[in-house]
Amino acid sequence: MKCVAAYNVVMLSDNFVFERGLIHAADALSGSARTPLNTVARPQSLADETYRQLLMQLEMGLWAVGSKLPPEMALAESLGVSRPVVREALARLKADGRIETRQGSGAIVADRNKIAAFRFAKSGGAEEADAKDTAEREMLELRQIVESGAAELAAKRRTDADIAAIRAAVAAMDGALRNKSDGSDVDDAFHNAIAAATHNAQLTKFVEFVGAQFSASRKATWDKTGYGVGITEVGQDDHRAILKAIDGGDATKAKRLSHAHVQRAIDRVNRRIDERAATAALPAIADKKD
């Protein structure tokens, strides 16, 4: 990147102040400087401020498209926050389509032209529980249509190399399951490998476009709650069964298993909506009795 004279102060549109300049920021993240990039303001949400700083650096072109971001530990030290906070901020950037994660490669700066090719509208009532659940259900329904169709086509067209790639993703998820770690990235790799096995370039591109959005809905399978209630193990059983059906060339079964796999998540969201509606109705029932 061409050297630029260091700025004393750069003002963001949200009045957040980024001090020390681009050169200092680059030095801090590369490890050549020991001073933190710009410690996140404590009164604000740490994850929100970390997200803002990283987004700002992406906007300024601190990292080129296709380049690898520093490891989570380096980012955490530079920003003065913990790794879980950085991880949450990176998850948001991935959901926004600003970065991609690749197994063994970490976070990669995404091509904004590719991002612009497919964007999802944000729910206007994002803070409302019903609105968030509805948005999640809609995303899961899209996942269900795309992934079940991809599994069906993959079972008809898969090659030995395709099966090897899908099997490698399943094995990586088995490893995450044993360690009780986050396997959402390899979960993404599993579904991307199935899309690639369709040998349909447009479908493969479509899955890539929306992969970050789908990834957010897969996170629930691999978080602490998912492990605690057994969702992770059930989901991985589904992955193994889908692989077996695709490998065996059973298109009908592959489609049915993939559809049922996502339906479990849709059912969980619907239960939340129904339970909330039932709870909200209780005061009205009590008033009628009075």
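Quick note: residue numbers are just sequence positions, from 1.
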Would you mind reporting whether [Y] and [X] have side-chain heavy atoms less than 4.5 Å apart?
X    : Y    : value
T50  : E88  : no
V262 : E141 : no
H239 : H191 : yes
R98  : E59  : yes
L140 : V269 : yes
I242 : E147 : no
L257 : D238 : no
D185 : K94  : yes

Spell out, as yes or no, whether a donor-acceptor pair under 3.5 Å connects the side chain of [X] to the backbone of [Y].
X    : Y    : value
T198 : A150 : no
D247 : L243 : no
T204 : A195 : yes
T232 : T221 : yes
Q236 : V170 : yes
D162 : T159 : yes
E152 : A251 : no
S78  : L75  : no

Exercise for the section: Please report the C-alpha distance between I99 and L90 in whole Å, then the side-chain angles of each, then the deciding distance to 0.1 Å, and finally whether the side chain to side chain contact (heavy atoms under 4.5 Å, CB included) criterion is met. Expected result: CA-CA 8 Å; I99 63 173; L90 291 175; 3.9 Å; yes
Handout entry: D250 with K244: basic N within carboxylate O range, under 4.0 Å
Key = no
Exercise for the section: Name all residues meeting the side-chain hydrogen bond (donor to acceptor under 3.5 Å, both in side chains) criterion together with R256; count only those two or more places apart in sequence or in a different chain, and write none if there are none. Expected result: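 Applying side-chain hydrogen bond (donor to acceptor under 3.5 Å, both in side chains) to R256 gives none.
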Practice task
Among R271, Q263, R264, find the residue that satisfies the side-chain hydrogen bond (donor to acceptor under 3.5 Å, both in side chains) test when tested with D267.
Solution key: Q263
Practice task
List the steps, then state whether side chain to side chain donor-acceptor pair (under 3.5 Å) holds for S184 with D187.
Solution key: CA-CA 5 Å; S184 58; D187 199 334; over 6 Å; no
Exercise for the section: Over 60° means perpendicular and under 30° means parallel, so classify the ring planes of Y227 and W222, tilted if in between. Expected result: perpendicular
